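Structure first, then comments.
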2 protein chains.
Amino acid sequence: MGIRKNIKTKTIDQASEPTLKRLPVYILHLQELESKGAQYVSAPAMASVLEFDSTQIVKDLSVTGIKGKPKVGYNVTELRQTIEEYLGFNKKNEAFLVGAGKLGQALLSYHELQGFGIKIIAAFDVDEDKIDTQYGNTPILHIEKLGALAERLEVNIGILTTPNSVAQSTAEAMVKSGIKAIWNLTPIKLKLPNNIIVQDTSMYANVAVLLKKHHSSEKGESN
Amino acid sequence: MGIRKNIKTKTIDQASEPTLKRLPVYILHLQELESKGAQYVSAPAMASVLEFDSTQIVKDLSVTGIKGKPKVGYNVTELRQTIEEYLGFNKKNEAFLVGAGKLGQALLSYHELQGFGIKIIAAFDVDEDKIDTQYGNTPILHIEKLGALAERLEVNIGILTTPNSVAQSTAEAMVKSGIKAIWNLTPIKLKLPNNIIVQDTSMYANVAVLLKKHHSSEKGESN
DNA sequence: TCTAAATAAAGATTTTATTCTTTATTACTT
DNA sequence: AAGTAATAAAGAATAAAATCTTTATTTAGA
């Protein structure tokens, strides 16, 4: 019969940021497998397709608490659902978008985001031409209404796509309105209270890495 | 007189990716300082504004080869120019954008990118309604013309903003056309030859990190 | 001209993430 | 039913990055 360990592994949480960023990649891959009718998938099989290290995949997936079976792998659908649940993609993540410029409009059109947890229910701006119009199905409102609406609708996720010059002040207004988590798509480093979650997605940062690597490789450096 | 060390520090290159991503933040901050007429700035002064560690700033800046003066700091304009030069922002980085959907259009409108090194000179799509029109000042062409044009204009930077389903095949076509560096804004993990530089900017990855941190903090976890 | 304060720069330490190695489990095969 | 091959899971080692510490430089002020 053997000895059964009774020690519960309880370090379920606290996944690293690189791990969190890889999890959506797994979801997309699993969705593709599902569409092909696959029932099970092993970590090495995923590794060869995604070109990750297979033990890293096992580690990444383990943060969700899911268990795979040796010789079989993971149940594809169960795995996808478990990751989605872990990331909170299946929760009602309603968000406000502030700054309805080009980038903001792109995100308003980017309906795939809904499948990945975020639903933008209103946008805010100061441009009178945009205010009280709709973009897609999303109303664009004057930014003054942010506070009252955030409270009434209990929205606490904000997406920041304003011009750089007003990014900091707008973010502060969002916090004052009860926004707890901000997805910052401006390149500005926001200074906000510690309890506010800020996720930066700077186009500039990515351009910088791309160009430097590109120019370095042109000069024949060893990558 | 003292002993003057004659050993040249030659590890000028090979900045880490986190460092490369911070460099544009410094540029933005320096631009602001310049607009206020500041002549010099010290690493600790920048640190207090940007909320970075000051020694990290010194380390980051040192990859460009610039030297600061004790008690004075760095010359603001010289520092900005040196970083821009290091990242290749002042070079002629002409790029093609492939996939003129919403996200692609947002980038076409995002003229600030020019100040950060990237100039999109043409966009490509398969949608007949878009082909041979212009978006802003940028022509949208049929994707079949990519190869010939890339060769003629010697463009080797590509921006990928297609639907996920065609991301891989489009990327392969770009590589065949002579594109050497791809800024991948799809969430797909591209499988391309090793000599091709790929920089991923996945919205999903960032949403994943944001939501997980948000939900974890709601549950009262220690950040 | 000398002293002291400020700061850059280099080195060491700590932390974090990835990769490698070992162990144990499970299903398939004979 | 037993052995074997495949694989997950846990742990160890390695690599990388951030932070901390020390040293040396230099300019401003006495």
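Below, all heavy atoms of this structure are taken into account, side chains as well, without hydrogens, waters or symmetry copies. Quick caveat: nothing in here was measured; it's all calculated off a predicted structure. Residue numbers start from 1 in every chain, and the chains themselves are labelled A, B, ... in the order their sequence lines are given, proteins ahead of strands.
Spacing between atom CG of A:Leu20 and atom P of C:dT16 amounts to 15 Å, rounded to whole angstrom units. Atom NZ of B:Lys71 and atom P of C:dA4 are 13 Å apart (whole Å). For the pair A:Lys67 NZ and D:dT7 P, the interatomic distance rounds to 19 Å; values are reported in whole Å. Atom-to-atom, CD1 of A:Ile66 to C1' of D:dA10 comes out at 18 Å; the value is rounded to the nearest Å. Counting to the nearest Å, the C1' atom of D:dT21 and the CG atom of B:Asp53 are 12 Å from each other. If you take OH of A:Tyr74 and P of D:dA6, they are 18 Å apart, rounded to a whole angstrom. Atom C1' of nucleotide C:dC20 and atom CD1 of A:Ile57 are separated by 16 Å, given to the nearest angstrom. Regarding A:Gln56, its CD atom lies at a distance of 16 Å from the C1' atom of D:dA8, rounded to whole Å.
Looking at heavy-atom distances under 4.0 Å, A:Thr55 makes contact with a base.
For the pair B:Lys102 and A:Tyr110, the cation-pi test (distance below 6.0 Å, angle within 45°) is failed. Both the sub-6.0 Å distance and the 45° axial angle are not jointly satisfied by B:Lys69 relative to the ring of B:Tyr74.
Between A:Arg22 and C:dA17 there is no side-chain N or O to OP1 or OP2 distance below 4.0 Å. OP1 and OP2 of C:dT26 both lie 4.0 Å or more from every side-chain N or O belonging to A:Tyr40.
Salt bridge B:Glu172/B:Lys176: absent, no basic N to carboxylate O contact under 4.0 Å. Between B:Lys213 and A:Glu17 there is a salt bridge, since at least one side-chain N of the basic residue sits less than 4.0 Å from a carboxylate O of the acidic one.
The number of heavy-atom neighbours closer than 6.0 Å to CD of B:Glu51, taken from other residues, nucleotides and ligands shown, is above 12.
Closest approach to the A:Val72 side chain among D:dA9, C:dA27, D:dT27 is made by C:dA27 (side chain taken as heavy atoms from C-beta onward).
The residue among B:Lys59 and B:Val41 whose nearest nucleotide of DNA chain C is located toward the 5' end is B:Val41. DNA chain C is contacted by both A:Pro18 and A:Lys69; A:Pro18 maps to the nucleotide lying nearer its 5′ end (nearest heavy atom per residue).
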